[in-house]
Novice: 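There's a structure below that I have some questions on.
Order of the sequence lines sets the chain letters (A, B, ...), proteins ahead of strands, with each chain counted from 1.
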Amino acid sequence: MPYEPKLIEEKWQHAWADAKVAEVDVNAPGEKFYMLNMFPYPSGDLHVGHGRNYILGDALYRYFRMQGKAALNPMGWDAFGLPAENAAIKRGIHPRQWTVSNIEREKKQFLRWGILYDWSKELASCDPGYYRWNQWLFLKLYERGLAYRAKAPVNWCPSDQTVLANEQVVDGRCERCSTVVVQRDLEQWFLKITDYADRLDAGLDTLEHWPEKVKLMQRNWIGRSVGADVEFTVDALGKAIRIFTTRPDTIFGATFMVLAPEHPDVVTLLTDHPDRAEIEQWIAGVRNQSNLERQEAGKEGRFTGKTATNPFTNEPIPIWLGNFVLMQYGTGAIMAVPGHDQRDFEFAKQYDLPIRIVVRSSYADAPSAADLTEAFAVKDESAVAVDSGLISELPTPQAIDRIIEEIERLGIGKKMVRYRLRDWLISRQRYWGTPIPMIYCERDGIVPVPESQLPVELPLDVPFTGREGNPLAKDERFVNTTCPRCGGAARRETDTMDTFVDSSWYYARFISAHDDTRIVDTALANRWLPVDQYIGGIEHAILHLLYARFICRTLYDMGLVSFEEPFTRLFNQGMITKEGYRDAEVGTWVAIADVKWVDGNPVHKDTGKALLAETSKMSKSHFNVVPPDELIDRYGADTERVYTLFIAPPEKEAAWSDDGVVGAYRFLGRVWHMGEQILAMSGGGVGRGAVVTRKTHQTIEAVTRRFDRFEFNTAISGLMELSNAIGEALSSGDVDAATLRDSYTTLLKLLHPFAPHITEELWMMLGNEGFILTSPWPKADPALMVEDVVTIVVQVNGKLRGQVEVPNPPEKDVVLAAVRANEKVRQWIAGKELVKEVYVPGKLVNIVVKG
RNA sequence: GGGAAAGUGGCGGAAUUGGUAGACGCGCAGGUCUCAGAAGCCUGUUACUUCACUGUAGUGGGGGUUCGAUUCCCCCCUUUCCCACCA
């Protein structure tokens, strides 16, 4: 019988589902292992690149299962979001309907891949039973002062009269109507993640099993820096301006001050300036620029005409406005030390401001300020302060400590830790999201919706035009309500929550997905959480994972869970890319159907124009998406699974090759035919049994180790080697049936996580009871892995010159005697002076000769 | 501008601690089967040299440590990713 995946895959998919093999009773005993793939946004089109993520998770799940763990592998849907609303606007389908039908499609796809999830715990963030707890969480955060309202700019399309998400702004214009987008200040809701900046930063040190790369990205995003706030008196204001610096030791070299153009004191400073109108115009221009535009514009500034007093030199220093000083960081004002900060240096050169040297390398004299071509910004022990009063000649680290002491003693400032991290803006002027449970009353102001009134449900019958703002705001039945406090007429908040709120705690909800009385069941959560293995794309390295870590800490502070870090181990799989073809001149992508090959080069079928082959992320617009359906119809899901994990190390980007798939299919075909032969076989010789058994046990050891290290590609190559070894033994006829059958059964078990259907079928064909999935993972017997003879490599002056075989374990005297007796080695060293013999136990002998 | 990762055959990639570089697979070549093709199976496949045995070179480039370096150290080049005027 030929290997026909079609005939067996669906059968086993139903068998596993019917037996509910993946359903976990959370109260049952056993060693828990919580696996989790990041829940997907149901866009409806899963391609083989998405498949990599879930197939990898499923292989691990099956492995842990066979290792005897009580493994939990749930799945849900990150179901709120903009694309659903766009579909409603463009195609007139309700976001809910669009989302639900996509979920159905994706669920079928998971099934076809042979992926086992515990569907009894399924959740969708657009379900009121889920998002009511988003609202509950928001109310708790509000109670604790962690949710607040403030003005913040949004992208506003003046033509469509609506707020745009960043993704909807293309080159500064509205994605839909190409109108130039403007910034508009709106009152919006924030979560105070900055209160947790220090804990989020410190917690990174405890995450031993997270990729260093992700931790570093988070650390940079939080951006902790230690320095000092210092006040500089400004006579014109009759008060001081506060600056933040990480280099208070350079304060003797602060020769001017720079304020952000948005700094609140700017208006007062400019009141009597002769060129006030011009400067205000300049400020308005800078304010309208994005950060990127500001940077491209180069360093620009204006002199306010006023001075501040440097508290250490007591000199008046000019106060400038500068486009490179950001209002959002620190105090929006800096002391400029052009000798020791590159930005300040460039600004000083631009406007011819004085430069003073107050730090030098401890290996060299200080250069003269006039000779300086760039700022000297070294700040370790190898730098010392000069011309700096009380800290002169102190190495920089000590100078910093000493000057901060002095600043604090003088009462003009203090040591300060600041973060780059900003508060989390969660308001979205969108329909398809969790309504923020707040009410505005003329009399009582902002009033939270009482818990008993949750969920605040999203009305379903609203019109979608894509114009004139949020559809929710136009639904009078939703907006008009009564004040929970005074009972008078009031209006509801119509902003919905950022979908990152939904995904910041969903992992905890799976454990008690249907509990209508509380957000999490604390006792069960503490048993099953944190997640033991979290799997997802690197694109979530910063926002999702940081928000999840933040919300987890707030749950911890409320006493709802007993842990602060939600994910013990994190794995980021790489993307799958594929070659696409584009017109080199115009730059547009060409559909595969329009590509013709001439002498191995792609050209356009109609125009004959040469095309450029380019490998990129799969996307419809690049015509390089590989849909799993055709692939599975032709080769089966097992082939896709094996190929996907074999193609490259899982954390790396991998290029899809249609040809390569065939290799995986052939491999499975060979395993299949071997199974039929072994089933029919009896008798056989005994000559090579030990060789096959040894290879089998070596493979058990290797595959197990590689699973633990996520080295799926080499685990599969190891299984191919074992299969080749069994195949050779089979055709040699020199191995007995029982030995071959044992090795083959082991191969099936080791292969099961990668190719579940075919192995399950063969397991049954060989007459075994139950599922191979629930059979135990094989154990390697070290005694059976040991070789009878050892091959010792012989080198002369480090070059391979022969090999000798000695009985295992190899003894030094025996090995050296064998080497000396080796004819070829004797030729190589003949007539030369022996310098030494190096013996690496069990591996090699290197003979060093001279002449 | 700052930070991180990585450079190995025609291609994807392999090489526990420094110890036979190129496992495994694709592709390619030859063979087998076939009226023919597809699929399968067998053999070969780093380059140069040789009919062959063999030999020489070889893991981005240059240097170092070592009996021995893809692996460790220093310098340089290239690519990719992330953050981007964060004081």
Side-chain angles (χ1 to χ4, degrees), chain A residues 2 211-214 216-217 219-221 223-225 227 243-248 250 254 258 260 291-292 294-299 322-326 328-337 340-344 346-347 377 418-422 538-539 541-542 574-575 642-643 646-649 651-667 669-670 673 701-702 705-706 709 711 713-724 727 731 791-803 835-849:
Chain A
E212 286 304 320
K213 181 182 174 155
V214 173
L216 190 69
M217 280 163 78
R219 193 158 269 139
N220 291 339
W221 190 260
R224 181 176 197 268
S225 36
I243 60 98
F244 173 64
T245 177
T246 54
R247 293 293 305 275
T250 62
V258 190
N291 272 4
L292 187 72
R294 275 199 192 193
Q295 200 170 339
E296 280 168 356
K299 302 267 180 311
N323 66 345
F324 69 102
V325 178
L326 305 176
Q328 309 94 298
Y329 184 76
T331 60
I334 61 159
M335 67 174 199
V337 184
H340 307 288
D341 181 284
Q342 189 58 25
R343 294 154 303 184
D344 300 348
E346 286 165 21
F347 195 80
R418 288 192 182 269
Y419 300 89
R420 220 190 68 121
L421 186 68
R422 316 260 157 82
I538 188 80
E539 67 272 20
I542 299 176
M575 236 168 32
V642 169
Y643 175 67
F646 177 64
I647 182 172
E651 69 280 5
K652 274 190 70 170
E653 197 173 88
W656 186 269
S657 140
D658 292 325
D659 288 334
V661 176
V662 177
Y665 183 66
R666 281 182 198 145
F667 165 58
R670 278 195 293 271
H673 291 296
E701 194 277 331
R705 172 163 41 82
R706 286 162 174 173
R709 297 187 194 173
E711 294 167 352
N713 55 329
T714 51
I716 292 171
S717 75
L719 292 170
M720 288 173 170
E721 283 183 57
L722 177 59
S723 134
N724 290 345
S731 53
T791 306
I792 304 289
V793 169
V794 187
Q795 301 179 336
V796 176
N797 287 348
K799 291 213 160 140
L800 174 71
R801 292 302 181 204
Q803 30 186 259
V835 179
K836 66 165 141 175
E837 287 170 329
V838 182
Y839 176 55
V840 180
K843 291 217 164 132
L844 61 77
V845 173
N846 188 14
I847 302 167
V848 185
V849 290

Novice: Distance check, P atoms only: A23(B) and G44(B), in whole angstrom units.
Specialist: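 Roughly 12 Å separates the two P atoms.
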
Novice: Between Ile647(A) and Arg709(A), name the one whose nearest nucleotide on RNA chain B is closer to the 5' end.
Specialist: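 Looking at RNA chain B, the more 5' nearest nucleotide goes with Ile647(A).
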
Novice: For nucleotides G10(B) and G22(B), find the distance between their P atoms and express it as a whole number of Å.
Specialist: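 So the two P atoms sit 16 Å from each other.
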
Novice: With P as the reference atom in both, quote the distance from A21(B) to C26(B) in angstrom, rounded to an integer.
Specialist: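 Result for the P pair: 25 Å, nearest Å.
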
Novice: Give a yes/no on whether any side-chain N or O of Lys799(A) is located under 4.0 angstrom from OP1 or OP2 of A57(B).
Specialist: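 So the side-chain polar atoms of Lys799(A) do come within 4.0 Å of the phosphate oxygens OP1 or OP2 of A57(B), strictly under.
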
Novice: Cationic tip of Lys299(A) within the cone over Phe347(A)'s six-membered ring, i.e. under 6.0 Å and within 45° of the normal?
Specialist: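 No, Lys299(A) does not lie over the aromatic ring of Phe347(A).
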
Novice: Is the phosphate of G13(B) approached by Thr714(A) (side-chain N or O, under 4.0 Å from OP1 or OP2)?
Specialist: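 No, Thr714(A) has no side-chain N/O under 4.0 Å of OP1/OP2 on G13(B).
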
Novice: If you look at every strand shown and take non-hydrogen atoms under 4.0 Å, does Val838(A) touch a base, only sugar-phosphate, or nothing?
Specialist: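 Touches a base.
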
Novice: Rounded to the nearest Å, what distance is computed from the CZ atom of residue Phe324(A) to the C1' atom of nucleotide A87(B)?
Specialist: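 Rounded to the whole Å, the gap is 8 Å.
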
Novice: Pick the closest RNA chain B nucleotide for Lys299(A) and for Leu800(A) by heavy atoms, then say which residue is nearer the 5' end.
Specialist: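 The 5'-side residue here is Leu800(A).
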
Novice: Give every pair of a protein N or O atom and an N or O atom of nucleotides 24-34 of chain B that lie under 3.5 Å apart, one pair per line with the distance.
Specialist:
from, atom 1, to, atom 2, distance (Å)
C26(B), OP1, Arg666(A), NH1, 2.5

Novice: For a stem of at least 3 consecutive Watson-Crick or G-U pairs with distances under 3.5 Å, i pairing with j, i+1 with j-1 and so on, which stems involve RNA chain B?
Specialist: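 Stems for RNA chain B, defined as runs of 3 or more consecutive pairs: B:1-7 with B:77-83, B:10-12 with B:24-26, B:27-32 with B:40-45, B:46-48 with B:55-57, B:60-64 with B:72-76.
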
Novice: Partners of Asp659(A) by side chain to side chain donor-acceptor pair (under 3.5 Å), sequence neighbours excluded?
Specialist: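 Partners of Asp659(A) under the side chain to side chain donor-acceptor pair (under 3.5 Å) test: none.
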
